[in-house]
Visitor: 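The structure that follows is given in the form of structure tokens.
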Amino acid sequence: MIDYLWLIPLIPLIGSAINGFTGKKLPKSAVTGIACGSAGISFILASVSFFELLQLPPDDRHVLIRCFSWIASGDFVAEAEFLLDPLSAVMILVVTGVGFVIHVYSIGYMHAEDGYYRFFAYMNLFLFSMLILVLGGNFLLMFVGWEGVGLCSYLLISYYFDRKSAGDAGKKAFIVNRIGDVGFILGIFLVFLTFNSLNFGEVFGQISANSQQFPLEAQAGILTAIGILLFVGATGKSAQIPLYVWLPDAMEGPTPVSALIHAATMVTAGVYMVVRCSPIFSRAPVALDVVIIVGIVTALLAATIGLVQTDIKRVLAYSTVSQLGYMFVALGAGAFSAGIFHLMTHAFFKALLFLGAGSVIHAMSGEQDMMRMGGLRKHTPITFLTMFIATLAISGIPPFAGFFSKDEILWLAYADNHPVVWFIGLLTAGLTAFYMFRLIFLTFFGKARYSEEVEHHLHESPSSMTIPLIILAVLSICGGFVGTPAWMHLGENRFFKFLEPSLLHTYHAEAEHHATSLEIIFAFLSVLVAVVAIYIAYRIYVRRPETADALSARLRRIHGILFNKYYVDEMYDAAIINPTKQASTRILWKGVDVGLIDRIVNGSGQSIQGLASVLKGIQNGLIRNYAVWILLGAVAVLFYISVLRG
């Protein structure tokens with residue numbers, strides 16, 4: 001199967017093309033079969049490739065499949081080539097596996113939509129783009145997938161294009177990501193100028209082979225510049241400060257879209273790219289410092305905003321921004337495998353949380369405000385149980401998946417001499433547990449706060465939606481055991497060991513930290529912080545629900561700042577958006593377009609018109625006028641010959 005690696009992205013592309021061009025004329029069952037079938041086949045092929053890769057010796061787990069020469073210009077050659085190694089193998093399993101589950105869930109969630117075929121065409125295209133991104137064997141092919149997921153996010157976020165808010169959210173996502181992509185493109189240009197190649201193997205091979213030319217940079221150097229430029233692109237795709245503002249607004253798209261973006265595709269692209277480029281980042285400590293600072297600040301800022309949001313999907317959106325910050329903390333600490341580990345476990349429980357939120361919204365006839373919910377666990381028991389499991393996982397409660405990956409990040413950040421980062425990360429973990437259980441308690445516990453009309457329609461979701469929830473719940477329980485830490489004395493970390501060949505050229509990959517009493521204490525402390533936060537949320541929102549309103553009133557100013565997301569969007573509007581609009585209106589439109597270009601064009605027309613009004617008198621149908629003009633012409637010719645030529 002490895003020899004036919006190109007089939008993994010090709011199958012979803014074919015499904016997208018069929019539904020996109022002919023889906024309007026096909027019955028919904030055919031559209032469903034094509035879309036889900038192509039995603040399922042791609043997952044099967046990815047699984048077979050993964051197990052074939054496992055059969056190879058660890059040193060040989062680097063398979064490059066060249067399909068054809070894509071671009072050839074002088075010495076520059078870009079191949080259409082696909083790379084399968086442990087890193088890309090993990091990514092294709094996450095993308096196709098979680099993506100397939102979301103496709104199945106969408107059957108029930110989107111069944112009443114008029115644009116059913118269009119939705120699934122976009123979803124298949126999203127899978128194709130993400131698979132191209134993670135399987136591409138060079139920067140150029142990665143960039144094709146990079147831009148592809150950006151396009152698909154725009155199409156899916158603005159899926160309800162008849163709603164202005166959805167259209168604005170789609171444009172916002174597209175524009176903000178284009179800003180990040182400027183840095184990404186410049187980083188790729190600098191890679192080519194430095195290494196005269198865009199092939200991963202050649203670039204990373206040069207770095208490891210020429211330690212004198214590319215040493216560990218004590219200060220900023222060429223590798224630092226490349227790393228920071230590439231990371232600018234990652235801040236856009238993976239929603240980090242200052243380009244995170246598009247992700248919360250992406251909730252305007254259908255809920256399965258939110259699950260796909262947040263769990264398996266777009267937002268994971270930046271994390272994957274940094275890990276793929278770990279040989280560059282590991283030799284650029286300044287770039288790693290930028291990564292870890294941006295990551296931890298983003299994690300804390302998003303977590304504080306999530307404390308007071310009332311839209312169930314928006315809480316989960318800020319949760320994603322915060323968890324992505326955790327991943328970048330791991331990468332900034334040089335713990336690249338830990339970052340991918342958290343990416344994988346996060347895909348399980350975050351997809352489950354979003355799909356669970358979609359099930360709640362489905363039961364509530366479209367209501368998303370948690371303040372109008374309450375007591376839903378008796379009406380939607382499967383949704384409640386699965387979301388409760390996912391919430392335990394994201395809160396870092398053992399033995400759920402999030403405990404293993406989050407705890408590993410905190411410990412490795414401390415072990416890499418970042419105690420302040422560890423402390424902020426621990427605080428953020430407590431905030432995460434608090435606002436996630438606030439979501440659970442407001443939604444499923446307490447008195448019902450919805451109308452009688454909504455109550456009559458309350459029901460559990462169909463099996464096409466609940467079965468995917470159960471599958472993801474099982475993964476959220478078991479997924480962390482593939483990367484058990486050393487202090488559990490269950491052998492070496494198998495997940496880290498598996499990823500080692502992908503980090504072969506990394507200058508200082510994370511060390512294998514052996515079991516220590518301090519690490520065990522830190523794990524216990526992180527669990528304790530989460531449990532305390534859960535208890536506080538329980539006291540406020542279940543035992544004494546009036547406390548929440550009292551606290552909001554007492555801390556009105558702080559609550560207002562958090563509820564309005566630190567007014568970041570308003571500051572962007574005041575500092576960038578509105579001045580740009582005004583400059584465009586006054587200078588580009590009224591000044592350049594109307595004042596200059598229109599005057600030139602209109603003036604030219606008016607000049608020709610004026611000249612024509614004079615010349616039209618020459619041909620007026622009067623013979624005597626013609627005789628006069630002939631005479632004047634003859635005189636002019638004679639004057640020219642006799643005087644000017646003489």
Side-chain angles (χ1 to χ4, degrees), residues 1-9 42-67 79-98 130-139 141-142 145 197-209 264 268-269 271-282 330-331 334-345 347 405 408 479 481-484 491-512:
M1 185 58 238
I2 291 180
D3 293 334
Y4 300 96
L5 196 62
W6 46 272
L7 281 173
I8 298 175
S42 186
F43 172 63
I44 293 171
L45 297 179
S47 301
V48 174
S49 299
F50 172 78
F51 286 110
E52 285 187 5
L53 188 72
L54 277 180
Q55 303 305 313
L56 299 176
D59 293 341
D60 295 333
R61 292 174 183 169
H62 184 96
V63 182
L64 192 65
I65 305 297
R66 288 187 171 89
C67 298
E79 302 281 351
E81 55 190 2
F82 297 103
L83 171 63
L84 184 67
D85 66 348
L87 176 58
S88 58
V90 170
M91 292 300 299
I92 61 175
L93 283 179
V94 170
V95 173
T96 58
V98 176
M130 190 65 190
L131 289 169
I132 289 292
L133 192 156
V134 300
L135 285 173
N138 54 62
F139 282 97
L141 199 56
M142 176 194 278
S197 175
L198 292 177
N199 181 276
F200 291 141
E202 293 181 18
V203 171
F204 302 152
Q206 288 185 45
I207 293 175
S208 62
T268 64
V271 178
Y272 164 79
M273 182 270 292
V274 173
V275 177
R276 175 60 73 195
C277 298
S278 58
I280 295 174
F281 282 89
S282 64
L331 307 188
F336 300 104
S337 296
I340 293 297
F341 187 29
H342 195 55
L343 181 153
M344 182 187 73
T345 61
S405 56
E408 198 70 22
F481 286 99
V482 300
T484 53
E492 61 183 352
N493 192 313
R494 289 167 293 177
F495 188 84
F496 287 15
K497 187 70 175 179
F498 175 70
L499 283 181
E500 276 185 5
S502 297
L503 304 174
L504 194 61
H505 299 296
T506 302
Y507 189 73
H508 57 85
E510 66 258 30
E512 182 68 30

Visitor: Salt bridge (Lys or Arg N to Asp or Glu O under 4.0 Å): which pairs involve residues 83-92, sequence neighbours left out?
Guide: Asp85-Arg276

Visitor: Go through the structure and list residues passing ring pair (Phe, Tyr, Trp, His ring centres under 6.0 Å) with Phe82, not counting sequence neighbours.
Guide: none

Visitor: Go through Val275 and Phe281 one step at a time and tell me if the side chain to side chain contact (heavy atoms under 4.5 Å, CB included) criterion holds.
Guide: CA-CA 9 Å; Val275 177; Phe281 282 89; over 6 Å; no

Visitor: Taking all non-hydrogen atoms of both residues into account, name the closest pair between Phe50 and Ala89 and its distance.
Guide: CD1-CB, 3.9 Å

Visitor: Using 0.5 Å steps for rounding, measure from the CE atom of Met142 to the CG atom of Leu135.
Guide: 10.5 Å

Visitor: List the residues meeting side chain to side chain contact (heavy atoms under 4.5 Å, CB included) with Ser42, not counting sequence neighbours, and say none if there are none.
Guide: Ile8, Pro12, Thr96, Leu131

Visitor: Side-chain contact test, heavy atoms from C-beta onward, threshold under 4.5 Å: evaluate it for Ile92 versus Leu45 and give yes or no.
Guide: no

Visitor: In this structure, are over 12 heavy atoms from other groups packed under 6.0 Å from Phe481 atom CZ?
Guide: yes

Visitor: Between CG of Asn493 and CZ of Phe498, what distance do you get to the nearest 0.5 Å?
Guide: 12.5 Å

Visitor: Drop me the distance from Ser88's OG to Leu5's CG, to the nearest 0.5 angstrom.
Guide: 7.5 Å

Visitor: Side-chain contact test, heavy atoms from C-beta onward, threshold under 4.5 Å: evaluate it for Leu133 versus Met91 and give yes or no.
Guide: no

Visitor: Got a second to check how far Phe336's CZ is from Leu499's CG, nearest 0.5 Å?
Guide: 12.0 Å

Visitor: Side chain to side chain contact (heavy atoms under 4.5 Å, CB included), that's the test. Do Val90 and Leu93 meet it? Break it down for me.
Guide: CA-CA 5 Å; Val90 170; Leu93 283 179; 6.0 Å; no

Visitor: Enumerate the side-chain hydrogen bond (donor to acceptor under 3.5 Å, both in side chains) contacts for residues 52-66, please, sequence neighbours excluded, ordered by first and then second residue.
Guide: Arg66-Glu81

Visitor: Which residues satisfy the ring pair (Phe, Tyr, Trp, His ring centres under 6.0 Å) test with Phe43, sequence neighbours excluded?
Guide: none

Visitor: Measure the spacing between SG of Cys277 and CD1 of Ile207 and express it to the nearest 0.5 Å.
Guide: 8.5 Å

Visitor: Looking at Ile340 and Phe495, what are the two nearest heavy atoms and their distance?
Guide: CG2-CZ, 3.9 Å

Visitor: So, do Ile65 and Tyr4 sit near enough that their side-chain heavy atoms are less than 4.5 Å apart?
Guide: no

Visitor: Only counting residues at least two apart or in another chain, list the ones meeting side chain to side chain donor-acceptor pair (under 3.5 Å) with Ser197.
Guide: Glu202

Visitor: Minimum heavy-atom separation for Pro279 to Ser282, with atom names?
Guide: O-OG, 3.3 Å

Visitor: With sequence neighbours excluded, tell me which residues meet ring pair (Phe, Tyr, Trp, His ring centres under 6.0 Å) with Phe51.
Guide: none

Visitor: Looking at residues at least two apart in the chain, or sitting in another chain, which of them share a side chain to side chain donor-acceptor pair (under 3.5 Å) with Ser49?
Guide: none

Visitor: Any idea which heavy atoms bring Met344 and Gly479 closest together, and the distance?
Guide: CE-O, 3.8 Å

Visitor: Closest approach of Gly483 and Phe341, non-hydrogen atoms and distance?
Guide: O-CE2, 3.4 Å

Visitor: Which heavy-atom pair separates Ile2 from Val63 by the least distance, and what is that distance?
Guide: CG2-CG1, 3.3 Å

Visitor: Could you measure the distance from the CZ atom of Phe200 to the OG atom of Ser502? Nearest 0.5 Å is fine.
Guide: 11.5 Å

Visitor: Considering residues at least two apart in sequence or located in another chain, which fulfil the ring pair (Phe, Tyr, Trp, His ring centres under 6.0 Å) criterion with Tyr272?
Guide: none

